[in-house]
Amino acid sequence: MLDFPRWKVTAIWLVLAILVSLSIPSFLPERVTQGWPFTPPRINLGLDLAGGSYLLLEADTNDVAATRVEAMREQVQTEMRRQNPRIEIGEISSRNGQLSFLLRDPSQVDAARERLLSITGTGAGMTGQRQWDIQVVDSSRFVLTPTAAGLAQAVDTAMGDATEVVRRRIDELGTREPTIIRQGTNRIVVQVPGLQDPQALKNLLGKTAKLEFKLVDTNADPAGLARGQAPAGSQVLPYPNNPSGIPFIAVKRSAIITGDMLADARQEFEPTTNAPQVSITFDSQGGRRFARVTQENVNRPFAIIIDNSVISAPNINEPILGGRASISGGFTTDSANQLAIALRSGKLPVDLKIVEESTVGPDLGADSIRAGILASAIAVALVVAFMLVTYGRFGVYANLAVVINVFVILGVLALINGTLTLPGIAGFVLTIGTAVDANVLINERIREERHRGRGVVQAVELGYKEASRTIFEANVTHAISGIIMFFLGSGPVKGFAVVLLIGIATSVFTAVLFTRMLVAGWLRRTKPKTINI
């Protein structure tokens with residue numbers, strides 16, 4: 001137990017030196033570390049310490065159902081005409097969350113059913129239920145109704161995708177360590193430390209950024225548009241900036257370009273007027289399709305649609321072959337930049353509305369940091385004083401382990417790019433208070449062995465050996481509670497658990513292995529006949 005070869009001593013000191021050095025950048029202002037040739041790891045401060053914005057977003061599940069019906073409409077149209085023999089169908093209608101269409105040839109009912117079975121999903125999740133219920137009415141009309149299991153799976157998928165889109169948009173703002181987690185089935189919690197003005201964040205996250213290019217239906221009757229009526233195969237959309245003065249326009253239902261065909265989007269300025277605009281670049285598929293459509297529809301207008309509202313409807317004067325286009329429409333620089341960010345990060349698969357918001361000021365966070373530092377300093381001071389008075393030289397070794405353990409915990413947090421919150425500081429203080437438990441057990445065991453008449457070296461060796469079992473069992477039960485809090489808790493509880501688990505591991509290392517190395521070195525050097533413990 002007291003045998004420490006040179007390589008082991010060197011390895012222990014090296015590990016401690018590395019972890020302590022990793023904690024140092026977190027104490028320095030960022031302006032100091034910005035000039036370094038590398039980016040040092042730092043501990044990030046949570047919302048309650050650094051201040052920032054908190055938003056609770058809720059998804060509209062009805063929007064998911066409507067989106068699924070529209071997506072199925074396009075799939076049905078494509079599937080019925082792409083295979084041989086081609087199945088002719090009438091106009092597809094979507095009402096009350098259902099999709100229905102009529103076969104022109106009733107003898108093709110069985111063939112149409114087979115094709116529908118291939119696109120309506122084999123099963124929703126682990127339930128085994130189909131995603132769509134298929135019914136035949138009056139021998140030639142199909143009615144497709146989404147099942148509850150299929151809708152639940154669609155909502156879960158949409159919320160997962162929405163969480164990733166929200167994360168990408170916030171990352172574009174240049175913020176550090178945002179917390180973005182799902183809550184329940186249709187909510188997302190967003191915490192952005194250091195962001196004091198939540199308005200820009202709300203504007204960015206409230207934009208679905210569903211981009212579509214559709215041909216304008218020039219045959220629509222203006223009187224019908226005013227009543228919200230469009231010809232078959234078209235739809236009426238709002239057009240606030242319509243030069244004709246009519247705030248509506250009719251466009252074809254089928255989109256020629258969608259937002260998932262974008263490769264990039266940037267805020268730029270229009271060369272002649274210097275007005276802000278959004279320049280978009282299509283990927284290879286989108287570029288080819290845009291070129292083909294503009295070649296086939298010269299002198300016809302097309303609508304640029306964002307979130308089901310027409311931004312502009314320019315005329316196709318000539319084929320656009322470069323795979324690039326621009327969106328203008330009375331933008332400010334900020335609004336154009338927000339739209340570019342939203343388009344780059346992808347459209348939200350579901351509309352999100354803000355149901356709760358709050359802002360934590362930096363002053364409150366600074367007060368929390370001061371209170372946490374004060375609590376930690378008091379805890380360290382009291383522990384150091386108690387150990388020094390109670391155990392003498394062995395207390396000095398334990399105190400050295402406690403001080404090093406403080407820096408080691410911070411170093412590990414910085415290494416994993418962890419976030420320190422106010423509950424995390426509570427876990428930090430608790431770890432300091434319990435860090436010397438192992439040394440108390442060891443020292444008391446050494447006392448017992450000395451009272452039994454054992455020699456100094458034998459008493460110390462047995463003290464460490466016999467106490468190690470108890471230390472291990474105590475910390476295992478301690479760690480189990482921390483693991484449960486980490487996996488079952490969220491937010492503050494998880495932050496507390498992270499610091500607690502790190503503290504358990506580092507305190508055992510410093511309080512047992514490190515102090516044993518110091519005691520073994522002292523015994524070899526001085527060979528004392530007695531010890532004061």
Side-chain angles (χ1 to χ4, degrees), residues 60 63-64 66-71 73-74 77 94 165 169 203-204 206-220 222 224-226 228-267 276-283 285-287 289-294 296-297 300-317 320 323-331 335-336 338-352:
D60 184 2
D63 183 59
V64 176
T67 302
R68 291 189 76 221
V69 171
E70 288 302 317
R73 172 200 293 270
E74 296 185 5
Q77 289 177 322
S94 54
V165 172
R169 291 186 182 182
N203 292 340
L204 183 61
K207 191 186 299 294
T208 306
K210 179 183 178 182
L211 174 67
E212 296 174 304
F213 285 22
K214 294 183 177 181
L215 291 174
V216 175
D217 189 344
T218 55
N219 298 321
L225 286 179
Q229 297 176 349
S234 299
Q235 62 183 141
V236 177
L237 293 179
Y239 186 10
N241 299 322
N242 193 342
S244 67
I246 302 175
F248 301 98
I249 191 172
V251 298
K252 296 294 185 180
R253 286 188 177 274
S254 299
I256 56 177
I257 293 290
T258 57
D260 55 4
M261 299 178 186
L262 293 186
D264 194 15
R266 299 288 171 184
Q267 183 270 317
Q277 66 178 15
V278 178
S279 176
I280 57 178
T281 304
F282 301 114
D283 60 16
Q285 177 190 2
R289 179 178 295 186
F290 193 58
R292 176 173 53 80
V293 171
T294 54
E296 297 172 353
N297 294 276
R300 289 188 60 186
F302 72 98
I304 302 175
I305 306 165
I306 295 177
D307 294 345
N308 292 321
S309 178
V310 177
I311 301 298
S312 62
N315 200 61
I316 304 175
N317 297 321
I320 303 174
R324 290 174 59 89
S326 60
I327 304 174
S328 58
F331 292 117
S335 62
Q338 288 178 3
L339 177 58
I341 291 175
L343 293 177
R344 276 201 308 272
S345 59
K347 74 178 180 69
L348 285 169
V350 60
D351 289 333
L352 297 175

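Just so you know, these numbers use all the heavy atoms, side chains as well, and skip hydrogens, waters and symmetry mates.
Taking CD1 from Ile256 and OG1 from Thr294, the interatomic distance works out to 8.0 Å, rounded to the nearest 0.5 Å. Here the straight-line distance linking atom CD1 of Ile257 with atom CG of Leu211 works out to 9.0 Å at 0.5 Å rounding. Here CG of Leu339 is found 13.0 Å from CZ of Arg266. Values are rounded to the nearest 0.5 Å. Atom CG of residue Leu215 and atom NZ of residue Lys252 lie 8.0 Å apart, to the nearest 0.5 angstrom. Taking CD of Gln267 as the start and OG of Ser279 as the end, the distance is 10.5 Å to the nearest 0.5 Å. With rounding to the nearest 0.5 Å, the separation of CG in Asp307 from CG in Asp351 is 7.0 Å.
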Q: Begin from the C-alpha positions of Leu262 and Thr281 and carry the test side chain to side chain contact (heavy atoms under 4.5 Å, CB included) through to its verdict.
A: CA-CA 6 Å; Leu262 293 186; Thr281 304; over 6 Å; no

Q: Go through the steps to decide whether Ser234 and Arg253 satisfy the test side chain to side chain contact (heavy atoms under 4.5 Å, CB included), and finish with yes or no.
A: CA-CA 5 Å; Ser234 299; Arg253 286 188 177 274; 5.6 Å; no

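The backbone N or O of Ile306 sits nowhere less than 3.5 Å from a side-chain atom of Ser309 that would complete a donor-acceptor pair. Under the 3.5 Å distance criterion, the side-chain polar atoms of Asn297 are left unmatched by any main-chain donor or acceptor of Arg300.
Under the side chain to side chain contact (heavy atoms under 4.5 Å, CB included) rule, Val251 has a single partner from Ile305, Val236, Asp217, which is Ile305.
Nearest heavy-atom pair across Ala336 and Val278 is O-CG2, 3.4 Å. Summarising the geometry of Pro301 relative to Asn315, their closest heavy-atom pair is N-OD1, 3.4 Å, with the distance given to 0.1 Å. Summarising the geometry of Ile304 relative to Ser326, their closest heavy-atom pair is CD1-O, 3.9 Å, with the distance given to 0.1 Å. Here the shortest heavy-atom pairing between Val216 and Ala303 reads CG2-N, 3.8 Å. In this structure, Ala255 and Arg289 approach most closely via the heavy-atom pair O-NH1, 4.5 Å.
Using the six-membered ring where Trp is involved, Phe282 and Phe213 have ring planes that are perpendicular, over 60° apart on the 30 and 60° scheme.
Residues Tyr239 and Phe248 place their aromatic rings such that the two centres sit no closer than 6.0 Å.
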